[in-house]
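These numbers were taken from a predicted model, which means no experiment stands behind them. In the text below, chain A, chain B and the rest are named by the order of the sequence lines, each starting its count at 1.
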Amino acid sequence: MTDRAALAWNVAAGVVDPEIADLTIADLGILRGTDERDGTVVVTVTPTFSGCPAMTEMRRDLMRRLSGAGLGPVEIRTALSPPWTSDWITAEGRAKLAAAGISPPGPAPDPAPESVPVALVATPRRVACPRCGSGDTAELSHFGATACRSLYRCRACREPFEHMREI
Amino acid sequence: MTGHDVTVYESLANSGDDRRWAFGTGFEDPLAGVDMSVPSGVDGADLAAYATMLGDDALIASQRVAEWITRLPELEVETAIANVALDLLGQARMLFARACGADGSGRGEDDLAYLRDAHDWHNVCFVEGPDADFAGLVMRLALFATWRLAVFSRLRDSTDPILAAIAAKAAKELTYHRDFAAQWVVSLGDGTEHSHQRVQAALDALWPLVEELFLSSPVERRLQAVAVDPVMAREEFEDVVGRILEAATLRCPGPPGGGQHDGGQHGGGQGGRDGKHSEHLAALLDEMQSVARAHPGATW
């Protein structure tokens, strides 16, 4: 990586998720890479959920930071393939999620099969409570306040919590 | 700590930029930064027409699903339905952006969403009617998501890399839309006598519209390796729906369409894909497009 590309990475990695303070686009695996091509710094990102409004804000903030960093010509490229997966959230990202009271996602389901069998009953998932660590938890709703989160409650400490979905 | 102690919203608010509002106009192109070139040998106008029809299905379905927000039985169902509508809206936006990038017309996604009359929409009629009740909502969603997932999981192999990527992302979303709706269909069908009756009535009402889902349009046939011929999705649809209805103790009204469709029209003029819609679409568009049409080009 060139010096400019490395600097661009550091600048880009400062963009945070508007919903979860401290969680950066590098932690989330949205920032895929920075490169220098023919004098232009190319920053590559991969969007998360199709309709996620936070993505637009993060992209705007990314452009603002990069253009204000004195890097010279910068281009932001969007790579759609391979699609974003929660498996790309880094260990640091997972630790930040847990610290924010959101249990981090487990391994994402295999996206490869030609057809996924329909789940006619909700599949219980083993999720540990981010507050007390107990595994005695239950899903209240697969869909939470944002596209990426489910609602859970802990039967041990009786607290509700959010879980970032595996996708 | 530099940068980590301010949120995106704070940095936008402090920028002195009028476009700091998260939900104003001036939405960014959802495919900004993506290489939009059309694969060689593919007709750009056909590709645009195909992306538009898939986007039309998603946007009209999204609008109908979103009509239920604030009228649902539980808060958890509210968040689920709002999420489903948002995912479908996101799919529509990406597909419209792909269409605009393929035909060189210079149109934007807003032109496609807000400035077309009913006869210029190419969604399947299946998505455009209102739902009579909650049973109607979950039944329509179960059938729609099952069909769309069967199409989109095959579209992941499209020779257009952008459509393939949109499909890969959408397939993940459609999988949990389908499961959510199917679980409600099972709960209602295998629930009380009353809930069984309501969800069976919903199925009976929707069933005549199913046949149209598997008619291939001329554009889909011309685009061979780019598009998915919906005929290819039929076996998976019938298999999955059969399993859902069995678990829900519901009676399938017959093979899709039950022979009610006019088989003589397969060559064209087949309904929604051809711009022929029920009266429900115009009413939906009236509401959805009213602000954009009353204030052309307005920004805030």
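Ranking B:E74, B:E78, B:R178 against chain A, the residue ahead of the rest is B:R178, based on heavy-atom pairs under 4.5 Å. Among B:D35, B:T175, B:I81, B:T79, the residue with the largest count of heavy-atom pairs under 4.5 Å with chain A is B:T79. Note on B:N83, B:V185, B:V34: by heavy-atom pairs under 4.5 Å with chain A, the leading option is B:N83.
The number of heavy atoms from other shown groups lying within 6.0 Å of CD (A:E159) is above 12. At most 12 non-hydrogen atoms from other residues, nucleotides or ligands lie less than 6.0 angstrom from CZ of A:R158. Within 6.0 Å of CD on A:E75 lie more than 12 heavy atoms contributed by other residues, nucleotides or ligands. Under a cut-off of 6.0 angstrom, the local environment of CE in B:M232 is sparse, with at most 12 non-hydrogen atoms contributed by other residues, nucleotides or ligands.
Heavy atoms of A:I76 lying under 4.5 Å from chain B belong exclusively to its backbone. Contact annotation for A:T85: both backbone and side-chain heavy atoms come within less than 4.5 Å of a heavy atom of chain B.
Of all heavy-atom pairs between A:A119 and B:Q183, the closest is O-NE2, 3.0 Å. Of all heavy-atom pairs spanning A:W84 and B:K172, the tightest one is O-NZ, 3.0 Å. Between B:E76 and A:S141, the shortest heavy-atom distance links the atoms CG-CB, 3.4 Å. Nearest heavy atom pair, residue B:A182 against residue A:L120, reads CB-CD2, 4.0 Å.
One distance of note links CG of B:L75 with CG of A:L151; it measures 8.0 Å at 0.5 Å rounding. A:H142 contributes atom NE2, which lies 10.5 Å from atom CZ of B:F180 (distance to the nearest 0.5 angstrom). We find the CZ-CG distance between A:F143 and B:D87 to be 7.5 Å, quoted to the nearest 0.5 Å.
Screening B:V240, B:L149, B:V186, B:D239 for a side chain to side chain contact (heavy atoms under 4.5 Å, CB included) with A:V118, the sole residue that qualifies is B:V240.
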Pair B:I162, A:L80 - check side chain to side chain contact (heavy atoms under 4.5 Å, CB included), show working. CA-CA 7 Å; B:I162 300 178; A:L80 295 178; 4.2 Å; yes
